[in-house]
Amino acid sequence: MTHQLTERPPVSEPTPVETVAVRFAGDSGDGMQLAGGQFTSAAAIRGNDFATFPDYPAEIRAPRGTTFGVSGFQVHFAAKPIHTPGDAIDVLVAMNPAAFKMNVGDVRQGGMIIADEDEFTKVNLKKAGYGPEESPLADEILGQRYRIITVPLSRMVREALSESGQGVKEIDRCRNMFALGLVCWMYDRPLEPTINWLQSYFGDKKNRPEVADMNVTALKTGWAFGETTEAIPQRYAVAAAELPSGRYRKISGNEALVLGLVVAGKKAGKQVSYCGYPITPASDLLHGLANLKRFGVQTFQAEDEIAAVASAIGVSYAGGIGVTGTSGPGLALKGEALGLAVMLELPIVVVDVQRAGPATGMPTKTEQTDLLQAFYGRSGEAPCIVLAASSPSDCFETAIEAVRLATRAMCPAILLSDASIANGAEPWMVPDVSAIPEIEIIHPEALSDSDEPFEPYLRNEETGARRWAIPGTPGLEHRVGGLEKQDITGDVSYDGPNHQKMLALRAEKIAKLANVIPPMEVGGDVGAETLVLGWGGTAGAILSAVERMRGDGVQLAYAHLRHLNPFPSNLGEILGRYKRVIIPEINSGQLRMLIRGMFLVDARGVNVIQGRGFHVDELVEGIQNAMGDKS
Amino acid sequence: MTHQLTERPPVSEPTPVETVAVRFAGDSGDGMQLAGGQFTSAAAIRGNDFATFPDYPAEIRAPRGTTFGVSGFQVHFAAKPIHTPGDAIDVLVAMNPAAFKMNVGDVRQGGMIIADEDEFTKVNLKKAGYGPEESPLADEILGQRYRIITVPLSRMVREALSESGQGVKEIDRCRNMFALGLVCWMYDRPLEPTINWLQSYFGDKKNRPEVADMNVTALKTGWAFGETTEAIPQRYAVAAAELPSGRYRKISGNEALVLGLVVAGKKAGKQVSYCGYPITPASDLLHGLANLKRFGVQTFQAEDEIAAVASAIGVSYAGGIGVTGTSGPGLALKGEALGLAVMLELPIVVVDVQRAGPATGMPTKTEQTDLLQAFYGRSGEAPCIVLAASSPSDCFETAIEAVRLATRAMCPAILLSDASIANGAEPWMVPDVSAIPEIEIIHPEALSDSDEPFEPYLRNEETGARRWAIPGTPGLEHRVGGLEKQDITGDVSYDGPNHQKMLALRAEKIAKLANVIPPMEVGGDVGAETLVLGWGGTAGAILSAVERMRGDGVQLAYAHLRHLNPFPSNLGEILGRYKRVIIPEINSGQLRMLIRGMFLVDARGVNVIQGRGFHVDELVEGIQNAMGDKS
Amino acid sequence: MRAPDLPLPTYKPKDFTSDQDVRWCPGCGDYAVLASVRKALPKLGRRKEEFVFVSGIGCAARFPYYMETYGMHSIHGRAPAFATGIKLANPDLDVWLVSGDGDLLSIGGNHTMHVMRRNVGVRILLLNNRIYGLTKGQYSPTSERGKVTKSTPMGSIDEPVNPLALALAAECTFVARCIDIDAKTLTATMERAAAHPGCAFIEVYQDCNIFNHQAWFYASQKDARPNNTVDLVHGEPLIFGENRDKGVMIVNGRPRAVTIGEGGVTEEDILVFDETDRTLAFTLANMHCPDLPEPLGVLYCHPDRPAYEEASRTQIQDAQADGSADLQKLVDGPDTWMVGS
Amino acid sequence: MRAPDLPLPTYKPKDFTSDQDVRWCPGCGDYAVLASVRKALPKLGRRKEEFVFVSGIGCAARFPYYMETYGMHSIHGRAPAFATGIKLANPDLDVWLVSGDGDLLSIGGNHTMHVMRRNVGVRILLLNNRIYGLTKGQYSPTSERGKVTKSTPMGSIDEPVNPLALALAAECTFVARCIDIDAKTLTATMERAAAHPGCAFIEVYQDCNIFNHQAWFYASQKDARPNNTVDLVHGEPLIFGENRDKGVMIVNGRPRAVTIGEGGVTEEDILVFDETDRTLAFTLANMHCPDLPEPLGVLYCHPDRPAYEEASRTQIQDAQADGSADLQKLVDGPDTWMVGS
Ligand SMILES: Cc1ncc(C[n+]2csc(CCOP(=O)(O)OP(=O)(O)O)c2C)c(N)n1
Ligand SMILES: Cc1ncc(C[n+]2csc(CCOP(=O)(O)OP(=O)(O)O)c2C)c(N)n1
Ligand code: SF4
Ligand code: SF4
Ligand SMILES: [Mg+2]
Ligand SMILES: [Mg+2]
C-alpha cells in the first residue's frame, strides 16, 4: 500500500463541484484546528460560502495516538449558500489510526480518506484499539467503500525538513501543514494566506522565523506532493458562491459575541464590564474581551460563577453594563443572584453557551438543553428576557439586542448560544458600525434636597421599566434589595396585594418588549400546512432540511425564533395558521413544551441529542416522520 | 370606653356554633404564637377539627408597637371537618394598636375584637400610624361594623401579679395568658392543658416555677374576667367534630416532615443524615432532627446550601440516606449539584419549603412558585422525582414516599412543602408505626478478584435503576462522576448515541415509578363537566371551596396531586373526561403550564399570589369565573 | 459620575439617617454600630451620594436601609462580589460592606477571602455576634465549640473560625477589631479604614440581645474589658489591665500574659506593637481570653498595595493610551474579502 | 460496612491502578503524584475497598478515575463537601481528596476552609500548578501577580493566595507541602497524613507542562532546590543550602536567611523547627523565594483535636446510649386525644 513518488504530467483542469466537506483529524497536538482554520480562510478568500465544525476532546492533550485524544476540524465550503458544517464528509485527512477510527464512520460512501501511512504502526494501531495486524488501510471492505489514499506523510515531512537543523519533534509539528498543502492543491486553494499567517504568527509575533519557514516548506511540500502523485488523479474546483455583495470576514460565534458586546457598549455610551469565570465553551468570551481593553472594555475573572453574576449586577447598579457569560452548570449557579437582579430591576446580560449536560456531561459538545433553565431556573417567579443566537455571525446582533432590551426593560437578559455556533465559523458581511442605531439610556437627574423624595420604582409608562438612578448622583440616594418592593417607592413591603401587583409589573415589562421586537417572519411555501419552527443554533440545519424537502416537492413553511421571552407578538397568530407545527431541537422538546403550554398547539418534535448539530439527513427524516405522525 | 369590672350572675349555657376562627395578634414579643398554640391544643382536646395559621414578621423582634412587628396566630376550630385556617376571623384579640390596625381588615362583619385598651396610648397609636386622637376603639364606623370589646388587660394583669415580686417587664410577659384565659372562657375550653404545659415548661424545663405561677395566675384572671364582665354576654360552644375514630395529635408540616424522615430511615434500615443550612421556613427541619439523635439521625449544618446538598450526596454515595432541606433561594443554589446527583444516579431527598419570591421576597409568607424550578432548575436535562405535600399531616407520608421513590429509582426526589403547611397545624390520626411498610433496599454484594469486573450502571429491569454499591464493599470498587457515563460500565463516554440513550434511561426510570404510585382519585360529582385540579398545600382550600360550591348545587369534580414527576398514570385519561379543567395555584400558573404542555388541555387558572393560602371565598369566586370563561 | 466640583456640605449624623424604621430588636448591638457609622461619615470628606452601603442577608445586613446613602441589600453571602462590581464600574464611590458572621464567613467565606486578596477598596464591617440572628439562633462559624443552639442541641463540634486570622491569611491589607458599644474606637478605626486605599476589614464584636446575649461582655463591659483586652497602638508596648500593669511578652515564639514587676518582668520586656508586621498580627489575632487579652484596634495595615479597581482602571487607561482603537477595524477583523460588485 | 475481620492483602501499586487510560498531557506533573499515591496506599494498612478518592473538576480532578478504589469525580469546587458527607455517613472509610488550585481555592475556597476548621478526617492533596489547566490556561488564585495568561493579557492584578497560610488560619490540624516529582517526601508525608485523625492538607507543587511549565523549577529541580527550599524536620534547625551552610533566623520577629559562619552566625542561632507551633508555621508559610527558602514537609501537626465525623458519631451514640428511643412514642408526640369509639 505504500505510495511511489513519481513524476507525472500536471493533472487536468480541476473538476467543478458545488459543495465539499473536508475534515482534518489527528491528535490533539497535531494542529488540526489550525489546519482547518487556515483552510477555511483559503475557502473564504475564493468567495465560497462555508461553515465549520471544530470537535475537540475535553482533555487538554491526551496521550498521543489514543482515540479519546482525537481532535477534528470540519470545513464545509460551497459554490452556493450553505448553512451547516455538512453531514457526511467528502474528504477525511486522518493523521493516525485513532483519527481514522473515530472519523471513518462520518465519511460518505465513495468519499476519500487521506491517511498518513507512517503512523499506522503496530504500536499506534494498538493504541487506537486495532489488532496489530488489523490496519484499516488494508481492510478490503473499507477499501471498497472509500477511496483510501495512503501517503508517507511523516516521512516526507522529515525528509523535506531534514536540513532545518531542528529535532524530530519540531519537524513533526509541521505535518499538519503538509496535509493542508495537499488539500489546498486538491481544491485549488491559494497557499498565500497561510504563508502570510505563518510568517506573521511564528515569524513576527513569536519571533521564531525558523519555525515559520519550516511550516511553509511543509505546506509547499504537501502541494508539490499533490502535483506529482498519481494517487489523487483529480482536482476539484468550488466556484465562488453567490452571496449578497459586500465585504466579508470569517467569524465564529464567540468572536461575534465579543464584538457585539463591545459595539453595544459603545452604542450605549457605557463601559462594558464582563465578569466571568472560565468554563468551556464560554471561556473565549473572557479571553476575547480581556484583549479589548483598548476599547474601554473591562474584564474581571471572578472566583466563581456566583461572584461573576453578582459583580455584574454590582456593575449595573453603579451604572455600567454588567455582563457575565458561562455555560449550563454555571448558569445553574447564577440562578439565585439572577432572582435578585429581577427584583432590583437592573439590566445585566447573561450569556449561556450551552453544552451537553446534565452535570459536567460532555463539556465540549453542543446541546440546546438550557432553554427551560433560562426560563425557570430561579426561585419564585423571576422572569428574564431570553434570546438565542441562530448562527455564529448572528451572535453579533443578538448581543446588541440583548443589551438594548435589558436596558430598555431594566431586566436581566439571558442570551443562549451553544458550543457549535460558539466554535463554528461562517462568512459574515461586515456591518458598517456607524450605521448601527444607538442604544438610548436615560438616567434620572440629580435632585436637590428640597425636591420630593426620589422614587426609584416609579415606572416609565411605555416600557414599564423603573428608573436607573446611579450612585454618585446627588439627591437620588436610595436603597434596593431582594425583599419585595413597594410599588413606586421601592420600600420593603410585605403587603399581599402589592406583591401580586409587583409580580405582574415585572412580567408585563418583559411582555411589553414584544412591541419593539420584530414580528416573526415565515419563510417557505405560502400555502403550506406544516410549519417547521426552530430556535437557536439549529437554524442552518433546519433551513437546509426544509429547502431540500421543498426541492423534493414537499410544501413547508419555516420560522426561527431569536426572541423567546417575550415571543414575537405574532407567534400565536402564525401558529394558528398551520395544521402541523414541527419543532426540531437538540433537547427532548423544551421549546415544544413552551409552545404547547402557551398556545395549545399539538407541536411535534424532532429531537436528536448526541452532542452535535443536526445532520440535514436525519432532520429531513425526522420532519417527514413528524408529518406522518400527525396525519 | 373603659370597662367596669362588676360582679354578675354566671352567664347562661354556651350557645353552640359550628366553626370559629380566632386570631391572637400582638407584638412579636407578646407571645401570640404561644397563646395560639395553646388554644389550639385546648380545641384539639375537645375533639374539634382545626387548622392554624401563624403569621409572623421576618424581623426577630421589631421595636414594640410598630406595625411591621405584629405577630399573629389564627386558630380555626370546628364541630365538623375543616380544611383551612379560615377566611374571615370571628374573634380578633388585639394586644395593641398596631395589631388592631394590621388585622382588623380580616375580621368578618359583626365579628368581635377584644382589645387591650391600656395599650391604646397616644404613643402607641402614633407608632401604629394612627393620629394621637384617632383611636380606632372610638371609631364609630368600626364600632358599627364590629363588636369591639375593650379590656383593661395590662392593668388587670399587673394588678393580679402585683404581689409576684417581679418587675413590670416580667409581669407584662403574662398578658398573653390573660388573653388566652378570656378566650378559653368564651369558648368553654379547659385551662388544664395550658396549666400543665406552663408548669412543665417554665417550672421543670426552665426551672423557673415562679414564672409558671405568674402565667397560671394571669390565665385564670382572664377566665375570671370573662365570668364577671358583662361586656361579653355570651359564651359559645363548639362541639366535637365527627372525625374518623382513632388517636389524634396536633401536628405542623415541619414536625410531620421530621417524623416522616425519621420513620423512613428506620423503615429503610438506614441512617438518615440531614445536611442543611438554616433558612426560613425550613430551619425547623434542622432543629427538629438535631433533637432526634437518639433515633440514630445525624444532622449537619453545612456552610451553605451547596455544601448541604453536596454532603447529602456524599452520604448517599457512602450508603446512607442523604437529605437536605431548604427554601426557594436555597434550591436555586443546589441546582448544579442536583444535576450531578442525577448523573451519579444516587438517591437523595431535597425538601423545599416554598416561600414568597423571587429573591428574598417575603420570606415568612407562603407561595407555590418553585414547581417549575423543581422541574427545570438545572443545566441540561436532569429530571428529578417531584412530590408535594398537601397539608401539615400529609408531610409525614410524603416524606416516606420521597425516600421510597428516591431509593427505588436511584434518583433525587424533590419534596415541595410551603410556609403555610410548614407552620400550620391540624389534627392527625397517629399511625401505627409498625404497620408502615418497610422500604426495601438491596445493595450488590461483595465480589472476589476473580469475578467479572463490577458494572455500576447495570440496571434493574423492573425499576430501571442502577445498582447502589457502597464503599467498603470488597470487589465493587468503581468510580462515578459528572461526565456522561457509558451505559452499563459507567465509564466516561463522549459517544453521541450513548448520550441520547442515557438521557432516555434517566428519564424512563422516573416514568416507571408511575407503575408503583397510586392512580389519581377523583372526588366530587360523577357527571361533572368541570374538574378542579390542585397540588400541594392548597388542598384544604380547594376542598372547602368545591364543597361549598357543590352545596350550592354546582356540579364539580376535584383531584389533588401528590406526585408531580411522574404524574399518576391515569392523569391524562382523567383530564380527558372533563370539559373544563381549573387549576388553582398560588403562582401564576405553573402546574397549569405543565398540564397544558403535556396534555394539551385548555386548563384555566385561579391565581392569587399574596403570600398566603387561598381564602375559600376568593377561590369560589375564582372557580366560578374560570367556569364562566370557558363556556 | 463624581462631581468633585460640588462643595462638600457640613453633614450631621441625621443627614445619613434614612426615613426607614429601624427593625432590630431592642437592645441589639447593631444600633450602636449604626450610630457610630452615622457619626463617622460626616468626617470622611465625601459627599453623601458617593457612599454606597452593601450587605448580604441577616440582621446586620439590614444596615443599608437605615443609611441615607445609596445602598444594596443583596443576597446571602455574596455582598463582597456585588461590592467588587460596584467598585469596578466606579472606583470613585466609597463602598462600605456591612454584614454578619454567618453571611461573610459561612456562605460568603470565599467571597470575603477573594475580595481581600484582590485588595478591592471596600471597607468591611463584620458584625460578629457569633450566632445566626435573623434565622433565630443557629450556631455560626464563629460560635465557640460546645455551644448549644437550636441546631446544636448537644453542643457545636466545630472549631470556630477566627475572622482576623483569616483576613490576614487572605492577604487583607487592613485588619482591625472593635466593639459595638465602643463608639470612640469604632469611629476612629472607620476613619482610618476610609483613608486606606485597599480592602479594609473591621471585625466588630456585636451583641445579639436575643439569641446570644452577653457573648462579648467579657470584652465589652467596663469592668471586664481592661483585663481581657489590649488596645493596640503602633509603636507602643502591649500593656493592659485595670492598673495597666499587665503586658504581653513573646516567650519561645509564643505570646504570654505577664504582670510587670512580677518574676523580674519590666516594661522593657513587653512586646512593642508594630502594625506593619503581618506575622505579629497573626500571633495577636490568635490570642484568646482567658489566657491572653484579645487585641482591639488596628492589627495590621499595609497601605502600599494598589487597590484592585485602580489597577483595573489603569490597565484600561494604558490600553487606551495610544488612542488607536478603531471600532470598525475591530469588527472587520484581520482579513476581509469582497463578494460581488 | 467495614469488615475488619478480612485479612489485609499485600498490595502493590498496580493493585491500585484502574483500567482507565490516563488522560493527562505527556509530561504533566500529575503523573508523578499518581505514581506516588499508588505507591503509598499499600503501606497504609487499609483494605482497598476502604479507600474513597474524591475530586472536583480540573485536570488534577481526574485523579479518582485512575485509582482502583472507590471514587467520585464531582463538580467544580465542592469536593470537600462531598467528602464530608462520605465521612459523616461512614467515618471508617479512608477518604482522599485530590484536586487543583482553581478547584479548591477559587470556586471551592469556602468549602476548603470549612472542611479544615471542622477537622473532617479527609486527606487533601492540592495539586497546585498556579494555573487553570483543564480550561486551557487562565490564571488561578495562586498565580503570581503580573502573570500573563489568556484571561490576563496585561498581567494579573491579584495578590496570590497562600494555600498554607490559609489552611493555618482555617484551623487545619495538619499542614504540609511537597513537590510532585519528589516521591520520597510525598510518600512519607502521605503516610503521616493517613495516620492523622483529623483534616490533613498537603499542597503539592505540580508542573503543568502545557500552560505553566517550569513554574516550580526553582524548587523542584536538583540544582535549584537546595538553595531555594528548606526541608522541615521537627526539632531540627532550619538549615538549607547546597552546602547546608545556610539557615533561617528570626530577627525582630521576622525570618531572615543567613549563612552560618558569616557575620558571627552560628548553628545555635538558627531557628529550631517545632511542628506544633502554629504561629511559627504561619511565619514559615509566608517565606517566599528568592528572599527566603520555601519550606517543604510538614509545617504543622496538631493531632489532638477530634475528627468531626467522630464527634458527630459520638453525639449520636451518646444520645442512643440509654436505648430509650421509642419510635411510636415519638410519632405520638407529647399529647394525643381519642376521637370516637
Ligand atoms: C441562600 C440563603 N440561604 C439562607 C438564608 C437564610 N439566612 C438569612 S440570614 C442568615 C444568617 C444570618 O446570620 P449572620 O450573617 O450572622 O447575621 P445576623 O442575623 O446574626 O446579623 C441565614 C442563614 C438566606 N436568606 N439565603
Ligand atoms: C461550575 C463550573 N465552573 C467552571 C467550570 C470549568 N472548569 C473546569 S476545571 C476549571 C479550573 C481548573 O483549574 P484547577 O482546579 O487549577 O485544575 P487543573 O486543571 O489546573 O489541574 C474550571 C474553571 C466547571 N467545570 N464548572
Ligand atoms: S436577633 Fe439578635 S442580631 Fe438580630 S436584631 Fe435581634 S438582637 Fe440584633
Ligand atoms: S493542561 Fe497542564 S495540568 Fe492539565 S494535564 Fe496538561 S500538563 Fe497536566
Ligand atoms: Mg450573626
Ligand atoms: Mg491548576
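Chain A is the first sequence line, chain B the second, and so forth, proteins listed ahead of strands; every chain is numbered from 1. Remember, it's a predicted structure, so these values are computed and weren't measured experimentally.
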Using non-hydrogen atoms and a limit below 4.5 Å, what part of residues 33-41 of chain C faces chain A?
none
Side chain, backbone, both or neither: which part of C:D332 has an atom under 4.5 Å from a heavy atom of chain A?
both
Check each atom of A:A312 against the heavy atoms of chain C and say whether the ones under 4.5 Å are side chain, backbone, both or neither.
neither
Highest number of heavy-atom pairs under 4.5 Å with chain A among C:I57, C:V115, C:N110, C:L88 belongs to C:L88
Do the side chains of A:R249 and C:T336 get nearer than 4.5 Å, heavy atoms only?
yes
Quick one: of C:D335, C:I316, C:T84, who has the most non-hydrogen atom pairs under 4.5 Å with chain A?
C:I316
Compare all side-chain heavy atoms of A:R479 with those of C:H73 and state whether any distance is below 4.5 angstrom.
no
What part of C:Y308 is in contact with chain A, defined as an atom under 4.5 angstrom from a non-hydrogen atom: side chain, backbone, both or neither?
side chain
Taking side chain as C-beta onward, heavy atoms only, is A:W428 less than 4.5 Å from C:V331?
yes
For A:Q199, does the CD atom have more than 12 heavy-atom neighbours from other residues, nucleotides or ligands under 6.0 Å away?
yes
Non-hydrogen atoms of chain C under 4.5 Å away: do they reach the side chain of A:A240, the backbone, both or neither?
neither
We want to know whether C:Q20 and A:D491 form a side-chain donor-acceptor pair, criterion being a heavy-atom distance below 3.5 angstrom.
yes
Let's go through A:F300 and C:R118 carefully: what are the C-alpha distance in whole Å and the side-chain angles of both, what is the deciding distance for side-chain contact (heavy atoms from CB on, under 4.5 Å) to 0.1 Å, and is it a yes or a no?
CA-CA 11 Å; A:F300 169 55; C:R118 292 198 186 103; 3.5 Å; yes
Mind checking which of residues 318-330 of chain C sit less than 4.5 Å from chain A, heavy atom to heavy atom?
C:A319, C:Q320, C:A325, C:D326, C:L327, C:Q328, C:L330
Using a 4.5 Å cut-off on heavy atoms from C-beta on, say whether the side chain of A:E477 contacts that of C:F16.
no
Does any non-hydrogen side-chain atom of C:R47 lie less than 4.5 Å from one of A:P474?
yes
Between chain A and each of C:A81, C:G71, C:S18, count heavy-atom pairs under 4.5 Å; write down the option with the most.
C:G71
Using a cut-off of under 4.5 Å for heavy-atom pairs, which of C:S74, C:A79, C:S55 has the most such pairs with chain A?
C:S74
Count the heavy-atom pairs under 4.5 Å between each of A:A241, A:C275, A:P431 and chain C, then report the option with the highest count.
A:P431
Value for CD1 (A:I306) from CD1 (C:I107), rounded to nearest 0.5 Å, stands at 7.5 Å
Is it the side chain or the backbone of A:L243 that comes within 4.5 Å of chain C heavy atoms, both, or neither?
both
Rounding to 0.5 Å, atoms CE (C:M338) and CD1 (A:I45) come to a distance of 13.5 Å
Verdict with reasoning, C:H111 to A:D304, per side-chain contact (heavy atoms from CB on, under 4.5 Å)
CA-CA 9 Å; C:H111 308 298; A:D304 64 13; 3.6 Å; yes
Which one, A:G475, A:A310, A:P427, leads in non-hydrogen pairs under 4.5 Å with chain C?
A:A310
Is any side-chain heavy atom of C:F82 closer than 4.5 Å to a side-chain heavy atom of A:L340?
yes
For C:W337 and A:R247, indicate whether the former's side chain and the latter's backbone hold a donor-acceptor pair under 3.5 Å.
no
Is C:M113 close to chain A through its backbone or its side chain, or both, or neither, when contacts mean heavy atoms under 4.5 Å?
neither
Using a cut-off of under 4.5 Å for heavy-atom pairs, which of A:A307, A:S316, A:P244 has the most such pairs with chain C?
A:A307
Could you tell me which portion of C:R117 (side chain, backbone, both or neither) has an atom closer than 4.5 angstrom to a non-hydrogen atom of chain A?
neither
For atom NZ of C:K43, decide whether the heavy atoms of other residues, nucleotides or ligands shown that lie under 6.0 angstrom number more than 12.
yes
Side chains of C:F51 and A:P471: closer than 4.5 Å at any heavy-atom pair?
no
C:Y70 side chain to A:A318 main-chain N or O, any donor-acceptor pair under 3.5 Å?
no
Can you say whether A:I251 sits under 4.5 Å from chain C via the side chain, the backbone, both, or neither, judging by heavy atoms?
neither
Choice from C:D94, C:V54, C:T69 maximising heavy atom contacts with chain A below 4.5 Å:
C:T69
Sequence-distant partners of C:Q315, side chain to side chain donor-acceptor pair (under 3.5 Å), two or more places apart
none
If you tally heavy-atom pairs under 4.5 Å against chain C, which of A:A469, A:G481, A:A308 wins?
A:G481
I need the full list of side chain to side chain donor-acceptor pair (under 3.5 Å) pairs touching residues 257-273 of chain A, with sequence neighbours left out, sorted by first then second residue.
A:K270-A:H443, A:Q271-A:Q298, A:S273-A:Q298
Region of A:V309 in contact with chain C, defined by heavy-atom distances below 4.5 Å:
neither
Under 4.5 Å from any heavy atom of chain C, what part of A:V430 do you find: side chain, backbone, both or neither?
side chain
Test item: C:D19 and A:P453 side chains (from C-beta on) under 4.5 Å apart, heavy atoms
no
Could you state the interatomic distance from CD1 (C:I75) to CG (A:L344), rounded to the nearest 0.5 Å?
9.5 Å
